[in-house]
Structure formats: structure tokens, C-alpha cells
Amino acid sequence: MKILVLSDSHSALSFMRLAIRAVRPDAVIHLGDHYEDAVAMVESHPQIPFHMVPGNCDRFRCDPTAPLTMCYDICGVRLYMTHGHMQAVKTNLLRLMAEARAYRAQAALYGHTHQADCRIVDGMWVLNPGTCGSFGGSVGLIETEHNEIKTCRILRQAELEALL
């Protein structure tokens, strides 16, 4: 199964639509900053399950009771999802990793830095999809099989266009 991970969309709706059309995901995760962009995608793609957390720019853009972090199974794998500003991810990933481990997550997903990153840290996948809103844009793609993460990678605009 395919999980498309978006973050920091900052009103880049056309890039988000391109990513959804190219990847044809089984689920989409939006990690904040312009939460309403994710809401717009939900409305135009009601057949796809969406999972969203707000970012530091979303204080007045979404329901104030929306959780800043979530951790549960999506497509058979346990994912910890947050924007990252509360975990100080611009400094280091220590708090992010500790929180994800406390939830027994298979991957820690975050945004906020606008820097795409996908790697394994101490046995756990860590994914920041970068930003869909500037510099050509990037997204994360997690592929699962048998309740395990099979692949995790970053896709940039040219790679998405090649999938069409």
C-alpha cells in the first residue's frame, strides 16, 4: 500500500493535486502548515483517507482542538505524526525520536524545516517530506507490505511528473 506524506504546503494546491494524481495513494498524511490545504484535498478526493496535524502556522487556520501529534496504524504500520515545531526539530531529532519510540512507532514523520529527509535512525524510519510549497516541491512516499515499511523515499516534482 502507498502512503503519500505532505507537509508545509503553504497553498500549493496544484502541487498537492499533482502528487495525489501521480502516486495514487491508499492514504495521505499532511503534517501541517496550511492545514486548510489538506481540508481542500479531502473535499476533492473523498475516496482517500486523510490524516492531518496542524503546524505552527495553523493556529487560526483549523479547529483549535486538533491534536498536534497523532500515532496510530495506517496501511498496517504504526506512524507517529507531528509538524515538529513542538519537538524543536530545527535543533535536533532527539525529542521527536523519543516521543515516537514511546508510542512504539515504526516511523517518525515531521515537517517544519522545509528540508526533505528520509533515513533510518537507530532502527526507526524518520521522514520529513520537505515542502510542497516552494523550490519545486517534494513529498514523501511510504510503501507498506505485510505490516512493515517496505520502502520510504522522497519524490520531487520531476519524479512525480514521470509517474503520470
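Applying the side chain to side chain donor-acceptor pair (under 3.5 Å) test to Tyr72 and every residue at least two apart in sequence or in another chain returns His51. Under the ring pair (Phe, Tyr, Trp, His ring centres under 6.0 Å) criterion, His10 pairs with His34, His114, not counting sequence neighbours. Every residue two or more places apart in sequence or in another chain that forms a side-chain contact (heavy atoms from CB on, under 4.5 Å) with Ala66 is listed here: Tyr35, Pro54, Cys62. By the side-chain contact (heavy atoms from CB on, under 4.5 Å) test, Arg59 is found to be paired with no residue, residues two or more places apart in sequence or in another chain being considered. Scored by the salt bridge (Lys or Arg N to Asp or Glu O under 4.0 Å) test, Glu36 finds Arg61 as partners (sequence neighbours excluded). Under the side chain to side chain donor-acceptor pair (under 3.5 Å) criterion, Tyr80 pairs with Gln87, Glu99, not counting sequence neighbours. With sequence neighbours excluded, the residues that form a side-chain contact (heavy atoms from CB on, under 4.5 Å) with Glu143 are Lys2, Leu141, Thr151, Arg153. For Glu43, there are no side chain to side chain donor-acceptor pair (under 3.5 Å) partners at least two apart in sequence or on another chain. For Thr113, the side chain to side chain donor-acceptor pair (under 3.5 Å) test picks out Asn128, with sequence neighbours left out.
Here salt bridge (Lys or Arg N to Asp or Glu O under 4.0 Å) pairs that include residues 101-118, with residues two or more places apart or in two chains, are Asp117-Arg119. Residue pairs meeting the side-chain hydrogen bond (donor to acceptor under 3.5 Å, both in side chains) criterion with at least one partner in residues 17-31, sequence neighbours excluded, are Ser9-His30.
Within the 4.5 Å cutoff, no side-chain heavy atoms of Ile74 are placed close to those of Ile142.
The other members of the hydrophobic cluster of Leu68, by chain and number, are Met86 (side-chain heavy atoms under 4.5 Å, ILVMFWY only).
More than 12 heavy atoms of other residues, nucleotides or ligands shown are found within 6.0 angstrom of CZ on Phe50.
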